[in-house]
Amino acid sequence: MSDYDPQAIEKKWQRRWADERAFEVAEEPGRPKYYCLVMFAYPSGHAHVGHVRNYMIGDVIARMKRMRGFNVLHPFGWDAFGLPAENAAIKNRSHPETWTLDNIAHMKGQLQRLGISYAWEREFATCEAAYYRWNQWLFLRMFERGLAYRRRSTVNWCPDCATVLANEQVVDGGCWRCGYAVEPRDLDQWFLRITEYADGLLDGIERLDEWPAKVLTMQRNWIGRSEGARVRFAVEPAGPAGEEEPPGGDAAAEIEVFTTRIDTIFGATFVLLAPEHPLVARFIDEASDPDGLRKRVQAFRALDRTDRLTGAVEKEGFDTGRRCINPFTGRPVPIWVANFVLAEYGTGAVMAVPAHDQRDFEFARKYGLPVEVVIQPEDPDGGAPLDGAAMDAAYAGPGVLAGSGEFTGRSTADAPAEMARAAEDRGFGRAAVQFRLKDWGISRQRYWGTPIPIIHCEGCGLQPVPDADLPVELPKVAEFSGRGDSPLAQIPEFVEVTCPSCGRPARRETDTMDTFVDSSWYFYRYCDPTNTGRAFDPATVSYWGPVDFYIGGVEHAILHLIYSRFFCRVFKDLGMVDHDEPFTRLLTQGMVLRDGAVMSKSKGNVVDPDEMISTFGADALRLYETFVAPPEKEIEWTDSGLEGSFRFLTRVWRLVTRAAPALGTAPAGGAGGPGLDAAHRALRRKAHDTIRRVSADLDPRAHLNTAVSALMELVNELYAFCDAHGVKLGQPAAAGAGADPLPPATGSVLREAVEALVRMLSPFTPHLCEELWERLGHAGGLRAAAWPEFDPAVAKADEIVVPVQVNGKLRARLTVPADIGEEDLRSAALAESAVQAHTAGREIARVVVVRRKLVNIVAR
RNA sequence: GCCGAGGUGGCGAAACUGGCAGACGCACGAGACUUAAAAUCUCGUGACCCUUCGGGUCGUGCGGGUUCGAUUCCCGCCCUCGGCACCA
């Protein structure tokens with residue numbers, strides 16, 4: 001057994017860091033700052049090794065940056081509102097706060113046992129009124145600006161969670177949390193106008209060059225910008241000519257469509273309405289509905305929402321019997337209702353151009369509707385032009401407009417802009433941009449969230465709670481009986497208030513905010529966490545912000561990471577932040593799997609960090625999770641891998657503790673020292689080469705795994721060096737070094753390498769390295785120690801090995817002076833016997849010499 | 001269908017700007033130490049072939065191309081994973 005005792009070492013240093021408030025920071029104008037942030041935690045109960053990996057990546061970067069002289073902000077906190085707490089309260093007949101605070105206490109203990117260098121002084125939980133009052137404050141600012149508004153709308157309702165979900169929280173038609181099929185419901189809801197910022201959010205993506213391409217793509221898809229045009233088709237009066245319009249009739253009705261292909265509009269042979277389109281009900285008179293169209297509409301609307309959204313339903317439609325006028329051709333076209341047209345996208349109505357849209361084409365063929373070609377591909381061979389009657393598929397490619405009136409002959413490249421302009425000039429349309437992104441519904445009919453600070457007054461309407469009355473605190477008691485209306489609605493002393501405007505009795509809003517509001521700006525609050533006068537001091541955020549390095553799971557690519565970008569822009573418009581983007585660099589860490597599956601309690605494959613820590617120590621766990629693969633990749637948990645990391649740390653322990661008594665003072669830099677022999681110079685070279693590699697791997701590359709392997713190589717080399725120079729590292733322990741004092745040169749070279757090793761390893765395994773650093777005779781801890789300095793003069797080799805190829809195949813390796821000239825290298829290569837054996841009897845056509853890299857001899 | 005990321009030994013991976021493929025680790029094998037085992041230390045470990053130290057051939061998903069030289073660049077495929085998707 002080794003005398004490496006992680007339990008004792010880790011306790012000692014964790015206590016010391018806590019006593020010294022070692023990682024708290026203050027603004028220091030003029031000193032470079034670095035804001036390193038991991039996504040804060042939902043206090044679900046227990047951290048597992050997947051969380052640990054996330055936090056380790058942040059901790060390695062934060063500790064390294066600190067040693068490199070940066071003023072590092074590395075905070076942590078809790079995303080503490082949310083449904084699981086409320087569900088647990090219902091189940092346990094307790095209060096959500098109890099469950100939440102218990103979990104936070106437990107998880108905080110777990111994180112502290114990992115020795116993460118958080119500024120715990122800045123910790124907060126979003127369920128504290130001191131935090132969520134600023135959610136309310138911000139909501140009111142958005143309300144004033146029309147960015148927060150209330151409207152009745154069809155929303156995504158999760159029957160299981162008994163609440164509304166944002167569009168982003170519906171995954172494959174189910175609830176993102178419980179998977180239960182989402183239903184449509186008509187409710188009055190609060191929305192945040194994120195669409196106001198759609199263009200800015202999309203354009204900003206172009207400048208996020210330190211974000212993973214995957215996340216940017218997902219955000220682009222989610223925002224879903226389409227350029228096209230809106231065109232209005234006038235509805236023809238109903239019934240035979242001369243018949244009187246019914247009262248409230250639709251003589252002036254118009255159908256507005258959105259299209260990305262206005263250049264095909266002369267080929268629009270019918271118009272399709274969503275079943276929910278308001279005109280549909282007007283077109284179908286219930287009293288005289290001989291064909292039972294109303295029933296068909298209802299059948300369409302009743303279709304499974306998921307199937308309808310994913311296209312799993314058979315495309316069907318029917319003729320309303322009404323017609324509208326194509327404003328470009330002046331011709332009437334029939335109006336149909338189709339089950340695949342979505343009310344919530346665009347205008348809920350589309351023009352159908354079967355010749356140039358595959359879906360329209362199939363629909364037209366199914367129902368015998370006309371197909372008119374208005375785009376002819378440019379065919380250099382002069383083949384037969386397309387014919388609507390004979391086509392077996394739509395032509396959606398580029399070409400030249402045909403049968404399109406004054407636009408005939410224009411190209412599909414130019415026509416759309418011209419035709420949109422024409423539509424605008426003639427007053428029936430305009431160029432338009434359509435987004436897939438919708439406004440963010442934040443109303444939740446649940447208790448455990450931020451109360452929305454609004455009062456409903458019958459006389460005055462929606463009244464904001466005055467700023468002076470903030471926070472609107474969650475009432476402490478509430479009945480957690482189960483499902484139904486918001487629990488807050490059942491607390492009279494919360495609901496019954498007086499109108500701040502007229503003073504008459506009024507009702508308080510009982511919805512709470514989506515918890516994603518909480519997480520959309522928490523990174524600013526860390527900068528100024530105890531401010532009682534405002535959300536944060538802009539000057540403080542100006543110093544720390546934006547977040548330089550943000551680390552978290554890719555599952556937040558479109559939820560949290562779009563909302564935060566949105567809030568950043570809102571704060572900027574409020575004059576509170578001075579940057580456009582909140583997170584300069586984003587790293588999405590891979591998940592930790594076990595037996596090929598995500599760890600979960602239900603699968604019973606959770607690896608508990610506490611168990612690993614008690615067996616191998618936090619340092620071994622930290623090292624394993626950073627070494628096993630690049631941070632972005634998912635990893636498969638293996639116990640043997642963790643054991644391997646523990647073995648390595650034992651090796652480091654033995655190396656440093658046994659060698660320490662014999663170490664001299666480190667060499668004072670310079671070019672290797674003329675008095676040193678080859679082995680000593682080689683060790684110095686290796687040490688400095690490792691400094692170069694590890695430094696670059698950590699910053700900026702964040703390749704934590706290769707940084708560790710470089711350190712392992714250095715340790716291997718140090719073992720070989722010690723073995724060759726009489727420092728006994730192997731067993732038995734009693735026969736350690738120190739018995740024979742080392743020659744001063746050997747001791748000083750060893751010290752230099754060992755101290756570089758300890759410092760560079762310390763971000764990964766801080767407890768072990770602090771202990772070793774102390775044993776090496778340094779006071780003040782590693783925080784005071786600078787990152788080792790790379791000296792190119794020392795790293796420079798005096799001899800190098802150059803591979804020699806013949807026709808691209810490796811045939812020999814030459815050991816030559818590092819500064820060898822091209823000519824000398826060339827002749828040395830040609831003189832090599834192995835080379836001559838392969839060139840014998842052949843003509844040497846060419847010799848490629850790449851300085852310091854390789855020689856390739858081309859022989860024929 | 002569209003967009004993105006990938007495919008390298010038994011396994012996790014490395015190769016940063018076109019220059020020795022497989023560093024480092026896991027697993028496995030051999031040796032040293034030991035009464036023995038564990039631990040530790042040292043060595044070996046892509047495949048195939050000739051086998052004599054040693055040498056040869058093949059090898060980074062598949063097929064082509066560019067190049068003195070390709071895991072890396074280009075063209076065409078196949079597969080895996082992720083996102084979006086009746087979005088007009």
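Chain identifiers are assigned alphabetically (A, B, ...) following the order of the sequence lines, protein sequences preceding nucleic acid strands; residue numbering begins at 1 within each chain.
The CZ atom of A/Arg693 sits 7 Å away from the C1' atom of B/rA23 (whole-angstrom rounding). To the nearest angstrom, P of B/rA39 lies 15 Å from CZ of A/Arg651. We find that CD of A/Glu713 is positioned 13 Å from P of B/rG22, with the value rounded to whole Å. Across the protein-nucleic acid pair, A/Phe648 atom CZ and B/rG25 atom C1' stand 11 Å apart, rounded to whole Å. Distance CD (A/Gln219) to C1' (B/rG4): 14 Å, rounded to an integer number of Å. The nearest whole Å value for the distance from the CG atom in A/Leu623 to the C1' atom in B/rG12 is 14 Å. Rounded to whole Å, atom P of B/rC86 lies 15 Å from atom CG of A/Asp360. Between the CG atom of A/Leu810 and the P atom of B/rA70 there is a distance of 14 Å, rounded to whole Å.
Taking the centre of each ring, A/Tyr4 and A/Phe646 come in below the 6.0 Å mark. You'll find the ring centres of A/Tyr624 and A/Phe616 outside the 6.0 Å limit. The aromatic ring centres of A/Tyr367 and A/Phe270 sit 6.0 Å or more apart. Ring pair A/Tyr563/A/Trp440: centre-to-centre distance below 6.0 Å.
In this model, the phosphate group of B/rC3 is not approached by any side-chain N or O of A/Lys214 to a distance below 4.0 Å at OP1 or OP2. In terms of phosphate contacts, A/Asn705 brings no side-chain nitrogen or oxygen within less than 4.0 Å of OP1 or OP2 of B/rC24. The side chain of A/Thr217 places no N or O atom within less than 4.0 Å of a non-bridging phosphate oxygen (OP1 or OP2) of B/rG82. At the phosphate of B/rG83, neither OP1 nor OP2 sits under 4.0 Å from any side-chain N or O atom of A/Arg220. The phosphate of B/rU40 has neither OP1 nor OP2 within less than 4.0 Å of any side-chain N or O from A/Arg658. When the side-chain nitrogen and oxygen atoms of A/Lys633 are compared with OP1 and OP2 of B/rA13, one or more of them lie within a distance under 4.0 Å.
Counting non-hydrogen atoms under 4.0 angstrom, A/Val848 reaches a base of the nucleic acid. Residue contacts for A/Lys315: at a heavy-atom cut-off of 4.0 Å it reaches a base atom on one of the strands shown. If you check every strand for non-hydrogen atoms under 4.0 Å, A/Gly644 touches sugar and phosphate atoms only. Nucleic acid contact for A/Pro630: sugar-phosphate only, since backbone atoms but no base atoms lie under 4.0 Å from a heavy atom of the residue. Using a 4.0 Å heavy-atom distance criterion, A/Ser645 is classed as making no nucleic acid contact.
Applying the 3.5 Å distance criterion, the base of B/rC68 shares a donor-acceptor pair with the side chain of A/Asn856. Side-chain atoms of A/Arg846 stay outside donor-acceptor range of the base of B/rC68, with no qualifying N/O pair under 3.5 Å.
Checking B/rU40, B/rA88, B/rA85 against every side-chain atom of A/Val350, the shortest atom distance belongs to B/rA88. Nearest nucleotide to the side chain of A/Met712, out of B/rA15, B/rU57, B/rG25: B/rG25. Closest contact between the side chain of A/Arg359 and the listed nucleotides B/rA88, B/rG56, B/rA85 involves B/rA88. Here B/rA88 is the nucleotide among B/rA88, B/rU57, B/rG25 with the atom lying nearest to any side-chain atom of A/Thr260. The side chain of A/His838 has B/rG56 as its nearest neighbour among B/rG56, B/rC3, B/rU42. Of the candidates B/rC26, B/rC84, B/rC24, B/rC84 carries the atom nearest the A/Asn221 side chain, counting heavy atoms from C-beta on. Comparing B/rG82, B/rG19, B/rG83 by their closest approach to the side chain of A/Gln805 singles out B/rG19.
For the pair A/Phe233 and A/Met351, the tightest heavy-atom approach, listed with the atom from each and the gap, is CZ-CB, 4.1 Å. Residues A/Lys438 and A/Ile194 share a closest heavy-atom pair of O-CG2, 3.3 Å. Nearest heavy-atom pair across A/Gly267 and A/Val374 is N-CG1, 3.5 Å.
Base pairing in RNA chain B yields stems of at least 3 consecutive Watson-Crick or G-U pairs, both distances under 3.5 Å, namely B:1-7 with B:78-84, B:10-12 with B:24-26, B:28-32 with B:40-44, B:46-50 with B:54-58, B:61-65 with B:73-77.
For the pair A/Arg585 and A/Trp211, the cation does not sit on the ring face, since its NZ or CZ is not both under 6.0 Å from the ring centre and inside 45° of the axis.
Listed by first and then second residue, the salt bridge (charged side-chain N to carboxylate O under 4.0 Å, His left out) pairs that reach into residues 695-723 of chain A are A/Lys65-A/Asp699, A/Arg68-A/Asp699, A/Lys686-A/Glu713, A/Arg693-A/Glu713, A/Asp697-A/Arg701, sequence neighbours excluded.
Taking atom P on both nucleotides, B/rU66 is separated from B/rC75 by 15 Å, rounded to a whole Å.
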